[in-house]
Student: 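Sharing a structure below in structure tokens format, with a few things to ask.
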Amino acid sequence: MSTTTTAPARRGRGVLLGAMFLMATSAVGPGFITQTTEFTVTMGAAFAFAILVSIVVDIAVQLNLWRVIGVAGQRAPALANKVLPGAGYLLAALIVFGGLVFNIGNIGGTALGLDALAGIDARIGGAVSALIAIAIFLSKRAGMAMDRIIVVLGVLMIALTLYAAFSSSPPVGEALRGAVAPGALGADEFTAIVTIIGGTVGGYITYAGAHRLIDAGVTGRENVRAISRASVTGIIVTGIVRILLFLAVLGVVSGGAAIADASNPPAAAFQHAAGEVGLRLFGMIMWAAAISSVIGASYTSATFITGFSERLQRRSTWVVAAFIAVSAVAFLVLGKAPATLLVMAGAINGLILPVGLALMLWVGWRRSADLLHGYRYPRWLLALGAAVWVLTVYMGWNALSGIAALWSA
């Protein structure tokens, strides 16, 4: 009797853990690593303030989005269409566009990782990694395989980044001061905050775990506490990894190493921190981060593509495979530097974020009776979400000039 009751419970916990890590590892991708490195190099200890703001904003965003989608038991584009006819199609187009830009960068990230790890040519490394990701989705037990692989990759990244942070001996006191006293905020600081928010909960990323829960049947008001706990824990995991990576790079920069002009700044930072071992370590972290983000971006973008057609839903694995293939081909022919693509992707997703957040907040505010099945949505959470929405719009507007500069660089 205990076997029949505990097995579903274990599966439920596995789904929640998988959804949490799917979101976290989607966020902790090559863009995350590149953004964190470049902003640490340019801003120094003051970047700690941007990280702190982004974690607070990320929690507010994800608590609202996961709760609305989870209680409704419907994917975001379907909900958006019920709020405003046609809005779901607009949201899907924006998310898929942002996901494609991000995924091109993710494929580039796998190439950077394999180059640092084993000296494999970037084109070959990107193509092989894309084939591995496609194979995962075409396996007969894709859902369970994805949950397990994502958790393993997430734990691996945390452990390796922790080692790098200790190796670089960072100035922790200086970082703590930067978190609470960053000085004047200009366009560069706004761009940094918008970019890392976009790289954590912008675009497709925050929907990754929420849509995974729907596909696994973990929905409804009876699962509110579990959904909320998983959503916050996912942000905490990404926050821990970003802080560790920030400290690792800050320690290298504070030691006098010049990595700003390196062709691959994150790799240079890890090499300075731990020598040749550090370079191989970076390759492993970057590849794990990139392949897990390829999985997350492709899966979530596909849920937006297939959400309007039952026929496409039945062929969702092939839609995911096609999305990965298109991303890989675009990476091979585009010719833009992977580092530039990775930073730009987070910035673009940061601009997309307010659109989806506004639609989901409207569901909680005005449509709880029908779309949330009578669930009484917490007013404090709505107020927090509205405040964050205003903040993201303001920061996005102020960051536009910085994003244009990124592309022209």
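All values derive from a computational prediction rather than experimental measurement.
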Student: Quick one, Leu213 and Thr219 - any side-chain contact, counting heavy atoms below 4.5 Å?
Tutor: no
Student: Taking Ala111's backbone N and O only, do any of them form a donor-acceptor pair with Asp115's side chain (distance below 3.5 Å, no angle check)?
Tutor: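 Not a single qualifying donor-acceptor pair exists.
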Student: Please tell me if the side chains of Phe166 and Leu247 come closer than 4.5 Å, counting only heavy atoms from C-beta onward.
Tutor: no
Student: Nearest 0.5 Å, what's the CG-CD1 distance between Leu245 and Ile240?
Tutor: 13.5 Å
Student: Check this for me: does any side-chain nitrogen of one of Asp215 and Arg75 sit under 4.0 Å from a carboxylate oxygen of the other?
Tutor: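 Arg75 and Asp215: salt-bridged.
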Student: If you take all heavy atoms of Pro171 and Gly251, which pair is closest and at what distance?
Tutor: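 For Pro171 versus Gly251, the nearest heavy atoms are CD-CA, 4.0 Å.
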Student: Determine which pairs satisfy side chain to side chain donor-acceptor pair (under 3.5 Å) with at least one residue from residues 81-92, sequence neighbours left out, and list them in order.
Tutor: Gln74-Lys82
Student: Got Val249 and Ser168 here, is their nearest side-chain heavy-atom distance under 4.5 Å?
Tutor: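 Of all side-chain heavy-atom pairs linking Ser168 with Val249, none is under 4.5 Å.
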Student: Can you check whether Val363 reaches Val83 side chain to side chain, under 4.5 Å on heavy atoms?
Tutor: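 Yes, close enough: below the 4.5 Å cut-off.
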Student: Kindly say whether Thr206 contributes a backbone atom to a donor-acceptor pair with the side chain of His211 at under 3.5 angstrom?
Tutor: no
Student: If you round to the nearest 0.5 Å, how far is OG of Ser316 from CZ of Phe323?
Tutor: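 Reported value, rounded in 0.5 Å steps: 14.0 Å.
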Student: I need the minimum non-hydrogen distance between Val71 and Leu372, along with the two atoms involved.
Tutor: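 Heavy atoms only, the tightest pair is CG1-O, 3.7 Å.
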Student: Compare every heavy atom of Gly125 with every heavy atom of Thr110, then report the nearest pair and how far apart it is.
Tutor: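 Of all heavy-atom pairs spanning Thr110 and Gly125, the closest is OG1-O, 4.1 Å.
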Student: Nearest 0.5 Å, please: how far is OG1 in Thr317 from CD1 in Ile134?
Tutor: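 Between Ile134 CD1 and Thr317 OG1, I get 11.5 Å after rounding to 0.5 Å.
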Student: Please name the pair of heavy atoms, one in Pro354 and one in Trp389, separated by the smallest distance, quoted to 0.1 Å.
Tutor: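 For Pro354 versus Trp389, the nearest heavy atoms are O-NE1, 2.9 Å.
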Student: Taking Ser293 for the side chain and Ala290 for the main chain, is one N or O donor matched with an acceptor at less than 3.5 Å?
Tutor: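 Answer holds: no.
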Student: Give a yes or no on whether the ring-centroid distance for Phe304 and Tyr207 is below 6.0 angstrom.
Tutor: yes
Student: For residues Ile305 and Val319, report the shortest heavy-atom separation together with the two atoms involved.
Tutor: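 That would be CG2-CG1, 4.1 Å.
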Student: Is there side-chain contact between Val128 and Ile120, with at least one heavy-atom pair below 4.5 Å?
Tutor: no
Student: Treating Thr306 as the side-chain partner and Gln313 as the backbone partner, does any N or O pair qualify as donor plus acceptor under 3.5 Å?
Tutor: no
Student: Working to the nearest 0.5 angstrom, can you tell me the gap between Thr36 OG1 and Leu244 CG?
Tutor: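 Those atoms lie 11.0 Å apart.
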Student: Do the non-hydrogen side-chain atoms of Tyr163 and Leu281 ever get within less than 4.5 Å of each other?
Tutor: yes
Student: Rounded at 0.5 Å granularity, tell me how far CD1 in Ile107 sits from CZ in Arg123.
Tutor: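 Spacing of CD1 (Ile107) from CZ (Arg123) equals 13.5 Å.
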Student: Walk me through it: do Ser129 and Leu114 pass the test side-chain contact (heavy atoms from CB on, under 4.5 Å)?
Tutor: CA-CA 9 Å; Ser129 299; Leu114 289 179; 3.6 Å; yes
Student: Going from CG on Leu176 to CG on Leu52, what distance comes out if it is rounded to the nearest 0.5 angstrom?
Tutor: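 One finds 10.5 Å between CG of Leu176 and CG of Leu52.
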Student: If every non-hydrogen atom of Leu357 is compared with every non-hydrogen atom of Gly385, which pair is closest and at what distance?
Tutor: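 Nearest pair, atom of Leu357 first, then Gly385: CD2-O, 4.1 Å.
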Student: So which pairs with a foot in residues 63-72 pass side chain to side chain donor-acceptor pair (under 3.5 Å), sequence neighbours left out?
Tutor: Asn64-Tyr377, Arg67-Ser228, Arg67-Tyr375
Student: Passes side-chain contact (heavy atoms from CB on, under 4.5 Å), Ile285 versus Ile33? Steps please.
Tutor: CA-CA 9 Å; Ile285 292 173; Ile33 294 172; 3.9 Å; yes
Student: Could you check whether Asn103 and Ser298, counting side-chain N and O atoms only, form a donor-acceptor pair closer than 3.5 Å?
Tutor: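 The answer is yes; a qualifying pair exists.
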Student: Compare all side-chain heavy atoms of Arg280 with those of Phe270 and state whether any distance is below 4.5 angstrom.
Tutor: no
Student: Looking only at atom types and distance, does a side-chain atom of Gln271 sit under 3.5 Å from a main-chain N or O of Leu279, one as donor and one as acceptor?
Tutor: no
Student: Over 60° means perpendicular and under 30° means parallel, so tell me whether Phe47 and Phe39 are parallel, tilted or perpendicular.
Tutor: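 The arrangement is tilted - the two ring planes meet at 30° to 60°.
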Student: Before you tell me yes or no, could you show the steps for Tyr299 and Arg212 under side-chain contact (heavy atoms from CB on, under 4.5 Å), namely the whole-Å CA-CA distance, both residues' side-chain angles and the distance that decides it to 0.1 Å?
Tutor: CA-CA 9 Å; Tyr299 165 78; Arg212 177 71 191 117; 3.9 Å; yes
